[in-house]
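Given the structure is predicted, the values throughout are model-derived calculations rather than measurements. The basis for the numbers below is simple: all heavy atoms, side chains too, and nothing from hydrogens, waters or symmetry mates. Indexing begins at 1, ligand by ligand and atom by atom, following the structure's order.
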Amino acid sequence: MDVGTVINTMRDPAGVPATPVVFQILAVATWVFHIAFVMLTMGTGVLAVYAFFRRATGPFWEQLSLAMTKVAKVSVSLLIVLGVSPLLFTQVIYDPQWYTSNVLSAAWVIGFIFTLIVGYCLWFVFYEANHDGAKQYVGFYAVMSLAIFALDGLIMHVLAYQAILPAEWMSWYAPGGVVDTSGTKLHAIEWARYLFIMSLSAPAVGLFLLAYSEYLTVRRDKTREYLEFARDLGRKIAARGAIISALLAVWWQFDLPASTGLRSQPLGWLIPAGLVILAWLASQRHPRLHGYTMLSLGLVMVALLAIWREVIRVAYLKPFGYNADTYTVHADWPSTILFFSTILGVGSLVGGYYLTLLYRAGRVEGVYTAEPRVDRLGSAAVAVLVVWIGVFFVYGVAIWLRNAFLA
Ligand code: HEM
């Protein structure tokens, strides 16, 4: 039996509840948010440590280090939560690839959870200890934490990369004909791809600093000099970081196998080109190019990367006759409607409420009292949650009753 037949046979016979392209779009779109927070974590994390070790050299480094430590702390939790959705969608349409890849490196997959816990704890130790007059050694907790996060990113990369190399699976599973069930090996790493994605943390933190200084201009407890310092630093990091990332993107382009035809696809080249433009824009001081515009452009770049990863996956799996579009569909309209109405209703009202609240609260000093509009949004968010929980249970009970008494 050839590998193509195997991976097509390994698909879940239950099929998918809606047309597969829906899951493909959702996998790509939700990954954007996951990786954006990976970049923010790594970028703000490295900057927090750098600023920590530079505290003695200038008036603003300590303030910056404390601020970036807090951003990274929150960002890790968001990258974890936001990693779940692309994980689910990938598992739905690329289950043969994802599970095989996970089993082939199972020890690393299990280790991933524990290392993530240790890495996050270390960041909290740094966060607690990073205050006025903190000892230098405290910074090494943060260095260890970031090294562990980088390792976790490498594990994620290996899982994603091994998944698109089915021709190699047998030689990894049974090298020389001897079965190896240890799962202790990381079988394939594409350094160009991994380093490029991780390097985007530099332009990301640069763009974040531009938006950060813009956002805090209304706060009287943040001096104009500090915000100017953060903006200038952001410009420098974004411009230089984007150039380094652009070079790594070119390396990745040439690293793609010639047989896939991916090297000559314009979309792949749009990424380094876009990064060069971003670097140029970041170095400008044009008043219209304020922090939020630049951050939005950065998000567009991340979206391009997400689409490009999917194009690569499709191209790698094509020779094996694997196409997500041909996944068996067993339409389940009620659950599809429930899913999308949850995203629309709960997502927009509850998510919108939290985002509005955080945005407004961060712009005032001391205690924030919600304005009537934000207050109403809060009530609507609670109401939609109550409706959602009600619908969820009524739907479940209705199905249970139907199966128990009518089937
Ligand atoms: C510090 C922790 C993490 C880091 C640094 C990290 C980093 C990365 C990177 C660099 C990639 C892209 C790999 C590539 O395309 O080559 C990736 C993909 C991914 N990550 Fe994470 N990640 C982390 C934690 C998580 C967690 C906790 C989850 C799930 C809850 C998750 C879910 C995913 C998924 C689903 C993908 C895409 C896989 C695919 O498309 O095949 N990640 N991550």
Taking both backbone and side-chain atoms of [X], is any N or O found less than 3.5 Å from an N or O belonging to ligand 1?
X	result
Asp152	no
His34	yes
Arg193	yes
Tyr194	no

Fill in: Pairing of Asp232 and Arg285 as salt bridge, 4.0 angstrom limit
yes
Is [X] touching ligand 1 with its side chain, its backbone, both, or neither, if touching means heavy atoms under 4.0 Å apart?
X	value
Tyr161	neither
Ile197	side chain
Leu159	neither
Glu190	neither

Item to complete: Among Phe52, Phe126, Phe53, find the one that has a ring pair (Phe, Tyr, Trp, His ring centres under 6.0 Å) with Phe140.
Response: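 When ring pair (Phe, Tyr, Trp, His ring centres under 6.0 Å) is applied between Phe140 and each of Phe52, Phe126, Phe53, only Phe53 qualifies.
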Worksheet item: Would you say the side chains of Gln136 and Arg55 form a donor-acceptor pair under 3.5 Å?
Response: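 Short answer, yes.
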Fill in: Separation of Ile337 CD1 from Asp332 CG (nearest 0.5 Å)
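Interatomic distance, Asp332 CG to Ile337 CD1, rounded to 0.5 Å: 9.5 Å.
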Item to complete: From the options Leu207, Leu210, Val205, select the one residue that forms a side-chain contact (heavy atoms from CB on, under 4.5 Å) with Ile237.
Response: Val205
Quick check on contacts: which atoms of ligand 1 are under 4.0 angstrom from a heavy atom of [X]?
X	answer
Ile35	8 (C), 9 (C), 10 (C), 11 (C)
Leu116	1 (C), 2 (C), 27 (C)
Gly153	4 (C), 5 (C), 6 (C), 7 (C)

Worksheet item: Should Arg313 be listed as contacting ligand 1, given a heavy-atom distance under 4.0 Å as the test?
Response: yes
Worksheet item: Which residue supplies the protein heavy atom nearest to atom 26 (C) of ligand 1, what is that atom called, and how far is it?
Response: Phe112 CZ, 3.8 Å
Worksheet entry | Member of Thr9, Asn8, Asp2 meeting the side chain to side chain donor-acceptor pair (under 3.5 Å) criterion with Thr5 | Asp2
Practice prompt. Using the six-membered ring wherever Trp is involved, compare the ring planes of Tyr226 and Tyr212 and label them parallel, tilted or perpendicular (cut-offs 30° and 60°).
Written response: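 Tyr226 vs Tyr212 ring planes: perpendicular.
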Item to complete: Please confirm whether Arg313 makes a cation-pi placement over Tyr94, using NZ or CZ under 6.0 Å from the six-membered ring centre and within 45° of the ring normal.
Response: yes
